[in-house]
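All ligand and atom numbering here is 1-based and tracks the order in the structure.
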Amino acid sequence: MTKIDVLLGLQWGDEGKGKIVDVLTPGYDVIARFQGGPNAGHTLEFNGMKHVLHIIPSGIFHKDKINLIGNGVLIEPAIFRQEIEELSAKGVDATRNLYISKKAHLILPTHRMMDAANEQARGSAVGDRKGANVPSWGAKIGSTLKGIGPAYTDKIARNGIRVGDILAADFADRYRQLKNQHVLMATAMGFDVSVFRIGELTLDQYEEQWMQSLDCLKRFRFVNSEYFINQCLRDDKKVLAEGAQAMMLDIDFGTYPFVTSSNTITAGVCTGLGVAPSTIGKVMGITKAYCTRVGAGPFPTQLDDETGRLLCELGHEYGATTGRPRRCGWIDLPALRYACMINGVTDLFVTKPDVMNDFDTVKMCTSYCIDGRHTDEIPYEYNTADVRPELTAFEGWKQSLAGITSYNALPERLKAFLAEIEQQTGVRIAAVSISPDRKDVLFKCVNA
Ligand code: GDP
Ligand code: IMO
Ligand code: MG
């Protein structure tokens, strides 16, 4: 019996999960998403082409690998169909190797409406300040508005509709009932349903598209994925669980309420796929060499200056799902240590040091000062306290990383920066990524 390996984000998302999963896929038989939904945007680049995936696992470009959408994931059929059509236009027929759990929940058009209604109902306080005095309440979350919060709410409230229900005789009734409930709730909240739009479409127009998209979904193999995955492990097949969002957006341990609505952490693999904790193998955690956040919430190392602007421009830090500019700052070691602790990270992957190639100085936050006190921990008052990063400066490596093909050949100053990350987290770096392209991942020898 093999164990299931996990790859997940250790910051606030967009660390490069899609790219690394794509690179690791040849070593696995099955790639499985276990949580999240179309709020994710995972970018893959190879052969001069860029691909962005939202619901479909990042192993899909490898024809001989099975990709599984697990029970913990949310599926929005119209977005799913669009993704399938985009893949098809690139010559990828996902019907052959994409399986879907019957227990995955559906995002209805009115879940997306409820997302907008909830955001509207929140106050107008600014939630994206650097780290001090972010109000916990009264500020908008900065949701991707894909219906994630409301769909998980219905799942937990036992009102949700699952993929397997699409085939049930009473599907239309159940859909109508849930939709009506959402319309009543939105109206009671003072939300004007008649002016709500998804893109250019009214709710009715979008609903028509959504209903038609169910036919696309039905072309896929619906499975009891918990049996499927456990059988794979018994058959010594290698399974990789692909995280979406990231540690600091976890519903329990992230910067609540500025989080997503699922367990993004290793524990989420067990509930999102139906595997026992004892089956978890390697936990690969991914971090950028700096830090970004899109949406509201605290971010102590955020740089509101020229350096922050440079990180955004040179790193092309614009959301893969919403196109919003990402907030940028230095890498945050207290947050990274917390992430390694909660997730049991065994291997670190570091991406995007190349973005800082021209920097004279590169910094790292190693602890915080909160109201005059020094701490290494993420405090409960993370949102509201005046959390100041204590920074250590490193001399920049001031050279291009293009063409470097081995970890050892990286500039010594970059290796010193990476060694400090290992030292500070107590976790070994397995590999460093130095460009968006599939080929630019440098694995570190075990003894290096
Ligand atoms: P994910 O959500 O974690 O899969 O990450 P995203 O795809 O949202 O964002 C990561 C962005 O960084 C994408 O545009 C990637 O193409 C790009 N990227 C990934 N690794 C590297 C790297 O090592 N260097 C650079 N410059 N870009 C990278
Ligand atoms: P990937 O998988 C970055 C953020 C949103 C918002 C908060 C809640 O690409 O790393 P939601 O739509 O879940 O209600 O939004 O979480 N968020 C992400 N930020 N990367 C993501 O996914 C994200 N998914 C959600 O910006 O602040
Ligand atoms: Mg992303």
Side-chain angles (χ1 to χ4, degrees), residues 7-23 33 35-46 49-55 57-58 73-74 76 107 111-112 114-116 118-119 127-128 139-153 242-251 254-262 264 286-290 292-299 311 314-327 349-357 400-402 404 431-442:
L7 182 129
L8 38 75
L10 301 179
Q11 300 174 307
W12 279 284
D14 305 325
E15 297 87 353
K17 297 175 289 292
K19 172 186 168 163
I20 298 298
V21 168
D22 172 53
V23 168
R33 277 276 304 269
Q35 48 68 233
N39 47 350
H42 294 182
T43 314
L44 286 64
E45 281 193 42
F46 49 87
M49 294 270 283
K50 178 172 165 173
H51 315 274
V52 182
L53 298 166
H54 301 285
I55 310 174
S58 300
V73 177
L74 299 176
E76 207 279 33
I107 298 178
H111 281 131
R112 297 186 62 175
M114 286 306 298
D115 225 352
N118 287 336
E119 281 285 60
D128 61 356
K140 298 190 191 311
I141 304 292
S143 163
T144 61
L145 299 177
K146 302 295 181 206
I148 303 297
Y152 276 127
T153 300
E242 172 182 359
Q245 292 77 58
M247 165 69 219
M248 298 303 279
L249 292 171
D250 179 79
I251 184 72
T255 51
Y256 191 88
F258 303 102
V259 292
T260 190
S261 298
S262 63
T264 57
I286 176 165
T287 174
K288 284 178 193 171
Y290 52 95
T292 65
R293 173 164 205 171
V294 62
F299 181 6
L311 285 171
L314 299 170
H316 306 290
E317 296 295 355
Y318 296 90
T321 296
T322 58
R324 294 177 291 177
R326 298 175 183 144
R327 302 154 65 194
F349 284 71
V350 180
T351 59
K352 305 187 91 163
D354 53 291
V355 171
M356 301 191 288
N357 283 349
S400 165
L401 306 182
I404 294 182
V432 174
S433 164
I434 55 166
S435 94
D437 197 275
R438 187 190 260 178
K439 66 180 171 22
D440 286 323
V441 178
L442 313 179

All side chain to side chain contact (heavy atoms under 4.5 Å, CB included) counterparts of Asn118, not counting sequence neighbours: Met114, Pro150, Met189
Thinking salt bridges, do [X] and [Y] make one under a 4.0 Å N-O criterion?
X: Asp115; Y: Lys146; answer: no
X: Arg324; Y: Glu317; answer: no
X: Arg112; Y: Glu76; answer: yes

Looking only at protein heavy atoms, which one is nearest to [atom], and what is the separation?
atom: atom 13 (O) of ligand 2; value: Thr260 OG1, 2.6 Å
atom: atom 19 (N) of ligand 2; value: Val294 CG1, 3.4 Å
atom: atom 6 (C) of ligand 2; value: Gly142 O, 3.2 Å
atom: atom 12 (O) of ligand 2; value: Thr144 OG1, 2.5 Å
atom: atom 17 (N) of ligand 2; value: Leu249 CD1, 3.8 Å

With a 4.0 Å cut-off on heavy atoms, does [X] reach ligand 2?
X: Val259; answer: yes
X: Gln245; answer: yes
X: Gly9; answer: no

Those protein residues which place at least one heavy atom below 4.0 Å from ligand 1: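 Correct list: Asp14, Glu15, Gly16, Lys17, Gly18, Lys19, Gly41, His42, Thr43, Glu45, Ala320, Arg326, Lys352, Asp354, Val355, Ser433, Ile434, Ser435, Pro436.
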Quick check: [X] and ligand 2, any N/O pair under 3.5 Å apart?
X: Lys17; value: yes
X: Gly13; value: no
X: Ser143; value: yes
X: Gly41; value: yes
X: Glu15; value: no
X: Arg324; value: yes

Trp12 and ligand 2 - part of the residue with a heavy-atom distance under 4.0 Å: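 Contact part for Trp12 vs ligand 2: backbone (N, CA, C, O).
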Region of Asp14 engaging ligand 2 - heavy atom pairs below 4.0 Å: both
Given Leu314, Leu401, Leu311, the one that forms side chain to side chain contact (heavy atoms under 4.5 Å, CB included) with Met356: Leu311
Exam field: side chain Lys352 to backbone Gly315, donor-acceptor pair closer than 3.5 Å: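 A pair under 3.5 Å: yes.
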Expected output: side-chain Gln35 to main-chain Ala244 donor-acceptor under 3.5 Å: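 Judged by distance alone, yes, a pair lies under 3.5 Å.
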Of all N/O/S atoms in Asp14, the name of the one nearest the Mg ion (ligand 3):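 Considering only N, O and S atoms, Asp14 comes nearest to the Mg ion (ligand 3) through OD1.
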Side-chain heavy-atom pair Pro353, Val432 within 4.5 angstrom cut-off: yes
4.5 Å side-chain heavy-atom contact, Met248 and Gln11: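 A side-chain contact is absent here, since even the closest heavy-atom pair is not under 4.5 Å.
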Residue Gly41, metal the Mg ion (ligand 3), N/O/S under 2.8 Å: yes
No-hydrogen, no-angle side-chain donor-acceptor test under 3.5 Å, Asp440 and Ser435: yes
Proximal ligand 2 atoms for Gly295, defined as those under 4.0 Å from one of its heavy atoms: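 Once the distances to Gly295 are compared, the set is 26 (O), 27 (O).
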